[in-house]
Amino acid sequence: MSLRTRRRLTPRHTLQRLRHTSRLYALLSHVGEAVFRATGPEQLFETVCRIAVEQGAFPLVWVGMADPVTGEVRPVAAAGPAVAYLGEVRITARPEPEGQGPTGTAIREARPVINNDFFAAPYTRPWHGAARRFDLRASAAFPLVVHGQALGALNLYASRPGFFDVHEVALLERVAGAVAFALEKLADEEQRWLAEQALRESEARYRRLTEHATDLIYRIRLQPSSAFEYVNPAATTLTGYTPEDHYADSDLGLKLVHPDDLPLLLRLTHDRALLAEPIELRWIRRDGSLLWVEQRNVPIVDAAGNLVAIEGIARDITDRKLAEQALRQERALLEARVAERTRELQLERDRTRAILESLGEAVMVFDTDGRLTYVNPAAARLTGANPEAPGYWWDYQPGEGELLLAELRAAARNRRIWEGELPFRRADGAVYDAAVTVTPLFAPDDPEQVIGFVSVHRDITALKNAERMKDQFVSNVSHELRSPTSLITLLAGNLEMLYHRLDDARRLEVIGEIRKHARHLSDLIGGVLEISRIDSGRIATDRQSLNMADLVLQELTHLEPVARRKALHLSADVPESLPVVGHAGQIQQVLRNLLTNAIKYTPDGGRITVTGRALMAPAPADEPRWPGAAGLPEGLWAAVAVADTGIGIGAEDLPHIFERFYRVRSQSEIPGTGLGLPIAAELVRRNGGILDVSSTPGQGSTFAVYLPMTEVAS
Ligand code: ADP
């Protein structure tokens, strides 16, 4: 503050000053009152300006507020005869010529600026013209500082230079302070009012939200007694119970809960930690229907930490629960189905495995490279493959692997099963013939993709041998039949052609020859038929208890006349009983064949002995009477030996005499077919027995039949 003049005071001046000062005090007290009554800033400013003019006789008093953005100072209230001055001037609070005046400086620097000689100051130049017109010669500007910030200024003008002295300035500063204080108070009030307004607004907003929420929102008071303090209208839609129902019944919250879920809820009341967790409960609506809710509770505690209320939200999750339930059921169903399917597959796998394991045929599974992934026991037996490390299919199939694989692939592409006969090699190197089928395996998810093969093969070596034997047999039969047939044809032709040239005796001789060959032919045909009947299994298989001794005696009786014609001595040493089980006709035929041969191959006057015995095997050693007895399996045997003193059989022929059509060459004079012994041997075998022979050329032969004995001979 700077006072430009300090004059000596005369008594008039003193009086004037006293009057003036008392007016200013009055002004201050009026302003204090106005401040007290103020309802708003504008009204306060108007009042202050008016009172200042009335009490202080100022030509102009105004309040200007600085625009916070532009810095332009706008009059908001003014009074005094020079009010029009304001219409002519521009004042700012910015650092520019129009901002350097008392008002601008007071606001910018937040300090009172007193200018006691308006026209002497250079910085008031922008307003000199207007001030002169309104006769304004001194001015004072006081900042209105609200919360530490100068928002505007209270401006007073005097028509006399040097008007504002120390007292006045101090008093007017207090006036400005009072106005600023009022402004501050008003601003605080407004602030409070705004805060209250915002609070009311937010409360209304929240209420609107809760009133319109679809979730049930509630507050339960617990102290001093429990009761619903608030329940939103959603309660009615969710449960059928209105908020009023809740207010009327403090236990409704518990009554709503499904009895089974009540323990869960009660646990919450005992454990506050659980209270904060969301829980899922079943409620029963007023109409009795079920409702799933997710309840989220917030414990409300007082300053002492006591639980005084619970606020919460309950949301209808019935749809979700039902969906979950349906999903669970679906999953359980699916699991059951998968388990069932797995069981079926396991069963199927076990069954397949059992079939494969028990199958007589060799089964090998291999991938497209020929690597074996499975061999069944039959295959392991047949090929010698190790089921744990079976190796490659090609190891056992020594053909041209690559070529065969190409063939298999081609067949697979056409979805064909490959069939054929292939040589196979055992692990020990032996080769055998096999009938093979190779079936392609396709990927389960891609029926076009071949992932391997299943090869089933059967050892057909025996079959092949049988085939070869059959071929041999047929060729032998044809050969054997051809010679008597051609002889008969030749002889009959001679007889016809030379009939008239031959005498009766010669004719009879030729006819006799023809009959002999016809008989041979008939014997051959009979024998062949017999063999083929045996081979094809068309002979009787029924067996009965027999006494072999009886059969021996019957056959001896039957052939006795034939032996007598050759003057052969026929004797028998047979126990009374040699019980066996077998086919009587077949055993008789065996005995007949052996006896017939003995008669045939023993020169006239020789001896034929038939011996019967019960033999206990193993016998200590072979003796000439019982050839092959030492090799008999353990047990009791009914043995019958037919021994002759005939021509015998050489060692080189002996191994072959049981072969079909085999005849000892040197004996070709004696009629025969070479089928008698093979038939006998086969019939013995079919009756569970063994036929054996020992022979010494020139001395005789012994043929022995052994059949299992059924009971100890008495
Ligand atoms: P065959 O009809 O020729 O007798 P077999 O099959 O009965 O045919 O006999 C085969 C061969 O065995 C005979 O050809 C014969 O050489 C010889 N053989 C069979 N039995 C005797 C025997 N008791 N003594 C000498 N050789 C025999």
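Side chains are part of it too, since the values below use all heavy atoms of this structure and drop only hydrogens, waters and symmetry mates. Counting starts at 1 for both ligands and their atoms, in listed order. Treat the numbers as computed from the prediction; the structure is a model and nothing was measured.
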(request) Quick one: pull up OH in Tyr706 and CE in Met548 and give me the separation to the nearest 0.5 Å. (result) 10.5 Å

(request) Decide whether a cation-pi geometry holds between Arg415 and Phe442; the criteria are a distance under 6.0 Å from NZ or CZ to the six-membered ring centre and an angle within 45° of the ring axis. (result) yes

(request) Sequence neighbours left out, what passes side-chain hydrogen bond (donor to acceptor under 3.5 Å, both in side chains) with Trp393? Give chain and number order. (result) Ser455

(request) Kindly tell me which protein residues have any non-hydrogen atom under 4.0 angstrom away from an atom of ligand 1, grouped by chain and ordered by number? (result) Asn597, Ala598, Lys600, Tyr601, Asp644, Gly648, Ile649, Ile657, Tyr662, Arg663, Val664, Gln667, Gly672, Thr673, Gly674, Leu675, Gly676, Leu677, Pro678, Ser701, Phe703

(message) For Leu490, give me all partners under side chain to side chain contact (heavy atoms under 4.5 Å, CB included), at least two apart in sequence or on another chain.
(response) Asn494

(request) Quick one: pull up CD in Glu555 and CG in Asn593 and give me the separation to the nearest 0.5 Å. (result) 9.5 Å

(message) Checking His656 now: which residues fulfil ring pair (Phe, Tyr, Trp, His ring centres under 6.0 Å) with it, not counting sequence neighbours?
(response) Tyr662

